[in-house]
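Everything on this sheet refers to the single structure shown next.
Along the sequence shown, residues carry numbers from 1. Every heavy atom of this structure was used, including side-chain atoms; hydrogens, water molecules and symmetry mates were not.
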Amino acid sequence: MKPLRIIFALIAFSITTTAAAFAAAELLETGSSLVYPLMNLWVPVYTKAHDVKITTQSTGSGTGISQAVAGVAQIGASDAYMSDSQLGSTHMLNIPLAISAQQINYNVPGLNDVHLNLSGPVLAGIYDGSIHFWDDAKIKAINGSLGSKLPHEAIIPIHRADGSGDTFIFTQYLTFSTPSWKSGPAYGTTINWPAVPNAVGANGNPGMVQACQGAKYSIAYIGVSFLDQTNQAGLGYAALQNAAGKFVLPTESNIVAGAAAKDKETPKDERISLIYGLGANSYPIINYEYAIVNPKQKDAATASEVKNFLTWAVTGGQAKTFLDKVHFIALPPSIVSLSKAQIAEIGS
């Protein structure tokens, strides 16, 4: 009987291991709420054609980075690249997947159907509390005939309460355009916000939309992938002053112009700020959407699936049928090549 038991045990073991070998691989992508809508377009199409399960989560760029570093997630989505201090002795890849932008939205009754002009110094003043009212002289001065329509109402500045790549790129715009902000709060996925009495914190881009919609005379920074939602909420969005002194909207052509002003400066590790680039038509708050990935995955099968998905993302995933729905733009060919070179580093 013992030989039969051994045979049956071996057969059962063989069936179990064979089933495990052919089970769909599983990947976790977590992080940026700005890139989350794009992931939710990509993943169903990709997984339909490939035997892999990919779970997506909107947890904020800070969480995306930390969970990728900790090995909890295979892909950490982030609007922000990792700084030298964040990298430390770790070797994490920062791989651009697409180019996005950020809107400055506001809820000013009677003015939400027009584009107010706003600048880095004015926004810094709003967020540090030195500009209190919508009809402040500094706001009126850059808005021409619209200045007379600005109400004497207190501005409610809304910022992200969670670790956020949106905060990173917004505060970079303030830092690069405003010396007082540079020497004060500066930039990061989290910062020490100045104490403004009526300031509001919100989680994720959905929380920012909801908070701005619910508070008259508020202002918020919201990722462009939520343009449809901010329009549905009836919010206005600003023309921002760029490094050339022009006020420009986050149109596709202006985002492309901003990217073109910086893409040739992108290093091999692709960690670079695209904020406040030179160029008359450059929209000033744009960024690469990053996949933060450990080049040493837990096993060869996982490494292969991560490589396959990311390679598809920077090739087939660049189709306008995906990107137009979230108001992103495709990576330039030179950046696709750099991203592919980084993806090739992924192993076990």
Side-chain angles (χ1 to χ4, degrees), residues 27-40 42-43 54-100 102 159-173 175 185-193 201-208 221 223 225 266-275 285-298 302-303 306-307 309-310 313-314 328 335 338-339 342-343 345-346:
L27 304 180
L28 172 62
E29 175 277 324
T30 188
S32 167
S33 62
L34 174 53
V35 79
Y36 182 68
L38 178 60
M39 284 291 179
N40 282 339
W42 277 349
V43 167
I54 303 176
T55 300
T56 62
Q57 297 178 341
S58 174
T59 55
S61 295
T63 298
I65 292 172
S66 63
Q67 292 200 353
V69 171
V72 175
Q74 287 72 49
I75 301 171
S78 177
D79 319 318
Y81 54 86
M82 293 180 70
S83 66
D84 289 345
S85 61
Q86 284 178 307
L87 285 172
S89 60
T90 64
H91 177 48
M92 298 294 291
L93 303 174
N94 293 239
I95 306 169
L97 302 179
I99 295 172
S100 69
Q102 185 181 85
H159 62 262
R160 289 284 289 272
D162 53 333
S164 164
D166 277 293
T167 294
F168 182 89
I169 61 177
F170 175 65
T171 54
Q172 277 200 333
Y173 177 53
T175 297
Y187 66 86
T189 54
T190 59
I191 67 164
N192 292 320
W193 291 100
N203 288 316
N205 276 301
M208 295 288 277
Y221 53 90
S225 62
T266 303
K268 288 183 179 180
D269 70 4
E270 298 184 278
R271 293 186 301 137
I272 186 175
S273 172
L274 304 184
I275 305 298
I285 310 184
I286 65 170
N287 64 293
Y288 290 136
E289 288 297 334
Y290 288 96
I292 308 299
V293 179
N294 191 326
K296 293 185 178 180
Q297 294 294 314
K298 63 180 180 179
T302 301
V306 172
K307 290 174 73 171
F309 173 65
L310 294 179
V314 300
F328 285 9
I335 305 305
L338 291 178
S339 289
Q342 289 208 85
I343 293 166
E345 294 183 38
I346 300 170

Give me the atom names and distance for the closest heavy-atom approach of Asn192 to Pro185.
O-CB, 4.0 Å
Would you compute the distance between atom CE of Met92 and atom CG of Leu87 and round it to the nearest 0.5 angstrom?
8.5 Å
For Ile346 and Ala303 the tightest heavy-atom approach is CG2-O, 3.9 Å
Going from CD on Glu345 to NE2 on His91, what distance comes out if it is rounded to the nearest 0.5 angstrom?
4.5 Å
Just so I know, are the side chains of Ile275 and Ile286 near enough to count as touching, which here means a heavy-atom distance under 4.5 Å?
no
Any chance the side chains of Thr59 and Tyr36 put a donor and an acceptor closer than 3.5 Å?
no
Sequence neighbours excluded, the answer for side-chain contact (heavy atoms from CB on, under 4.5 Å) partners of Ser85 is Ser83
Are any non-hydrogen side-chain atoms of Thr171 and Trp193 less than 4.5 angstrom apart?
yes
Are any of the side-chain heavy atoms of Gln74 and Asn294 separated by less than 4.5 Å?
no
Name the one of Asn94, Asp84, Thr266 that satisfies side-chain hydrogen bond (donor to acceptor under 3.5 Å, both in side chains) with Arg271?
Asp84
At what distance, to the nearest 0.5 angstrom, does OG of Ser100 lie from CG of Leu34?
4.0 Å
Could you go through Leu97 and Met39, starting from their C-alpha distance and side-chain angles, then the distance that decides it, and tell me whether this counts as side-chain contact (heavy atoms from CB on, under 4.5 Å)?
CA-CA 10 Å; Leu97 302 179; Met39 284 291 179; 3.9 Å; yes
Measuring from Thr55:OG1 to Glu29:CD, what's the distance to the nearest 0.5 Å?
9.5 Å
May I ask you to decide if Gly204's main-chain N or O and Ser33's side chain share a donor-acceptor pair within less than 3.5 Å?
no
Which heavy atom of Ala98 sits nearest to which heavy atom of Leu38, and what is that distance?
CB-CD2, 4.3 Å
Can you tell me how far apart CD (Gln172) and CD1 (Ile285) are? Round to the nearest 0.5 Å.
10.0 Å
So, the side chain of Thr189 versus the backbone of Gly62: is there a donor-acceptor pair under 3.5 Å, distance only?
no
Once you measure the plane-to-plane angle for Tyr81 and Tyr290, does it fall in the parallel (<30°), tilted (30-60°) or perpendicular (>60°) bin?
perpendicular
Look at the side chain of Ser78 and the backbone N and O of Ile65, then say whether any donor-acceptor pair between them is shorter than 3.5 Å.
no
I need the minimum non-hydrogen distance between Tyr288 and Ile335, along with the two atoms involved.
OH-CD1, 3.3 Å
Any heavy-atom pair between the side chains of Met82 and Val69 that's under 4.5 Å?
yes
Closer than 3.5 angstrom, by distance alone: can the side chain of Asp162 be matched with the main-chain N or O of Asn203 as a donor-acceptor pair?
no
How far does CD of Gln102 sit from OG1 of Thr167, to the nearest 0.5 angstrom?
8.0 Å
What heavy-atom pair brings Ser164 and Ser61 nearest, and what distance separates the two atoms?
C-CB, 4.1 Å
Would you please say whether a donor-acceptor pair under 3.5 Å links the side chains of Asn287 and Glu289?
yes
Are the side chain of Ser339 and the backbone N or O of Pro96 linked by a donor-acceptor pair below 3.5 Å?
yes
Quick check: do Ile75 and Ile54 have side-chain heavy atoms less than 4.5 Å from each other?
no
Among side-chain atoms of Asn40 and Thr56, is any donor-acceptor pair under 3.5 angstrom?
yes
So, Ser273 and Tyr187: side-chain donor and acceptor under 3.5 Å apart, yes or no?
no
Check Asp79 against Ser32 and note the closest heavy-atom contact, atom names and distance.
OD1-OG, 2.6 Å
Validation row: Phe328, Ile99 side chains within 4.5 angstrom (heavy atoms)
no
